Amino acid sequence: MKATGAEGLIQLLERQGVRVIAGIPGGANLPLYDALSRTTRIHHVLARHEQGAGFIAQGMARVSGRPEVCFATSGPGATNILTAIADAKLDSVPVICVTGQVPQSLIGTDAFQEVDTYGLSIPLTKHNFLVRSAAELLEVVPAAFRIAASGRPGPVLIDVPKDVQMQSAAVDAWPEPGRADKRPKFRPAKVERAAAMINAARRPVLYVGGGAIQWGAGPLVTALAEKASLPTTMTLMALGAMPADHPLSLGMLGRHAARFTNLALEECDLLIAVGARFDDRATGKVTEFCPNAGIVHLDIDASELSKLKHAHVGIVGDVREVLEALLPQVDATPRHDWLARVADLRSRHPLRLPGAADVRTPYGLVRQQQDLFYGGRVFAADYQLHPDFVKIAEGFGMRAHDLGSAADPVVTLAAALHAPGPCLIHAPIDVNEKVYPMVPPGAANKDMIEGETCGDS
Amino acid sequence: MLELTVNNHPGVMSHVCGLFSRRAYNVEGILCLPLNGSGQSQLCLLVNEDARLEQMIKQLLKLVDVRNVRRHRVGHDVFVKLETLFAGARGSG
């Protein structure tokens, strides 16, 4: 059997189970698009900008939990899509980005729409490939899917020169689709030590990150918290791991957390980190984060353990498997004193968002920082022209709602969210509103400013 | 000194050096030779030991093309011999 590189690549994507690809065609990936046009099994979503295509693939991967694919052409197509790829790297999302490249004979000659996509993408991807022959695709494509999905997931970029897309190659047999490697085995003795630390702790806090969502460990996190009476804080990436209205939920931590959350962390004697990476927006000044706590850290990425805080027990593994092993060894404890203390902190330092009763209350950022930390010298924080976003959306054939002029913004917002298809929600901002409370840059989480009292709560 | 076994292809040096350069971690010496017939190379990096070295090794192990990392204490003679060789070449040239 013979196939061109482009046909082979599309066939390999089909065999991986890919059914939707977002992208934009251009000179250097037209052979790929020609091959794509001849398959009925993959639906193509034509984006308006490559960054959008990258984020579409990212969104699909966040929902499906498996690698999803985006296409861009060489040069500007590649540079445009890299923001979405960098974001996928930081958030550990499995995305496969296939970029067209100028023909190999022109690589290195500053050809039309040539950039060093391979070089540019090295620090932004989990791994990347520059494909040098059509036959190589038979190895590269399954490898890309395996790498993207294995261990801590992440984006993989495949740069395919146009001559490789057009080159004909003999295919004796299609390779097996690339699948995630087996999860690393963890030592039972470490789980025992972690359980012992939790059982001995008097003021433990559970700190949950995106890893818990990635491995579908939300119910286990909640079960552990309930069994051992662990107040639980979640990072942005972990929201939803435990229901927001769960009595043990402390909400998010760090820069814009409720005061009681950061104060509870200040007092904790054991921090159990599950698939979280001690991000600086979460920890504040890291040397003063949970100053009196032992640390149990569960993560699939060994390089996260003790990266920023020394882990007294560090376990490398799929956090779901580790939690499954840990749960039976953890004592059921009511921890009345600690929960009462947290309840006390919660009532004395609750989350007070100014204007929380009004869904339209805006929260600005750059102006606020210039106001607070740059002597009120507000600069480049305003546009002279204020575009009519509702009209722009309508120009794109989208529904649009203006909450500023809506009689009942809650009703309007609900209607907007419930109708199928794209929709723009315009929420006008009062430039003088601020996001409080907050931890000033470089400060410890206990040193939050403002938000202690406010008029309307 | 770090001794790495890596897949031998044109992008490997970029991957390895990029890890060090973006962290402003100076690599004092580099030696790279293909391992005969294996498709792999041996890469020796002479680096100053500081508190970040543990994390660097963990990050190196995450690179797909890095198959193995061995850490040698100070005094490993590869670079000493190389220095002698260079000095000899300068002397005779």
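Computed from heavy atoms alone, side chains included, the values below leave out hydrogens, waters and symmetry copies. Please read all numbers here as calculations on a predicted model, not as lab measurements. Residue numbering restarts at 1 for every chain, and letters A, B, ... go by the order of the sequence lines.
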### Task
Answer yes or no: does atom CZ of Arg193(A) have more than 12 heavy-atom neighbours from other residues, nucleotides or ligands under 6.0 Å?
no
### Task
Take Lys62(B) and Asp301(A), measure what side chain to side chain contact (heavy atoms under 4.5 Å, CB included) needs, and give me the verdict at the end.
CA-CA 9 Å; Lys62(B) 283 167 70 172; Asp301(A) 181 352; 2.6 Å; yes
#### Entry: Backbone N/O of Leu305(A) and side chain of Lys58(B): donor-acceptor pair under 3.5 Å
yes
### Query
Is the count of non-hydrogen atoms from other residues, nucleotides or ligands lying under 6.0 Å from Arg187(A) atom CZ greater than 12?
no
### Neighbour count >12 (heavy atoms, 6.0 Å) for atom CD, Glu288(A)
yes
### Message
Taking CZ in Arg71(B) as the centre, count heavy atoms belonging to other residues, nucleotides or ligands within less than 6.0 Å. Is the count above 12?
### Response
yes
### Message
Between Lys126(A) and Val64(B), does the side chain to side chain contact (heavy atoms under 4.5 Å, CB included) criterion hold? Intermediate values first, please.
### Response
CA-CA 8 Å; Lys126(A) 189 172 174 190; Val64(B) 172; 5.7 Å; no
### Message
Using a 6.0 Å cut-off, check whether atom CD of Glu49(B) has over 12 heavy atoms from anything other than its own residue.
### Response
yes
### Query
Hey, is CG on Asp50(B) packed in by over 12 heavy atoms from elsewhere, all under 6.0 Å?
yes
### Message
Ring-plane angle category for Tyr118(A) and His15(B), please: parallel below 30°, perpendicular beyond 60°, tilted otherwise.
### Response
perpendicular
### Task
For Ser303(A) and Gln59(B), work out which heavy atoms get closest and say how close.
OG-NE2, 3.4 Å
### Message
With rounding to the nearest 0.5 angstrom, report the CG to OG distance, Asp116(A) to Ser14(B).
### Response
7.5 Å
### Query
What distance separates Gln55(B) CD from Glu304(A) CD, expressed to the nearest 0.5 Å?
7.5 Å
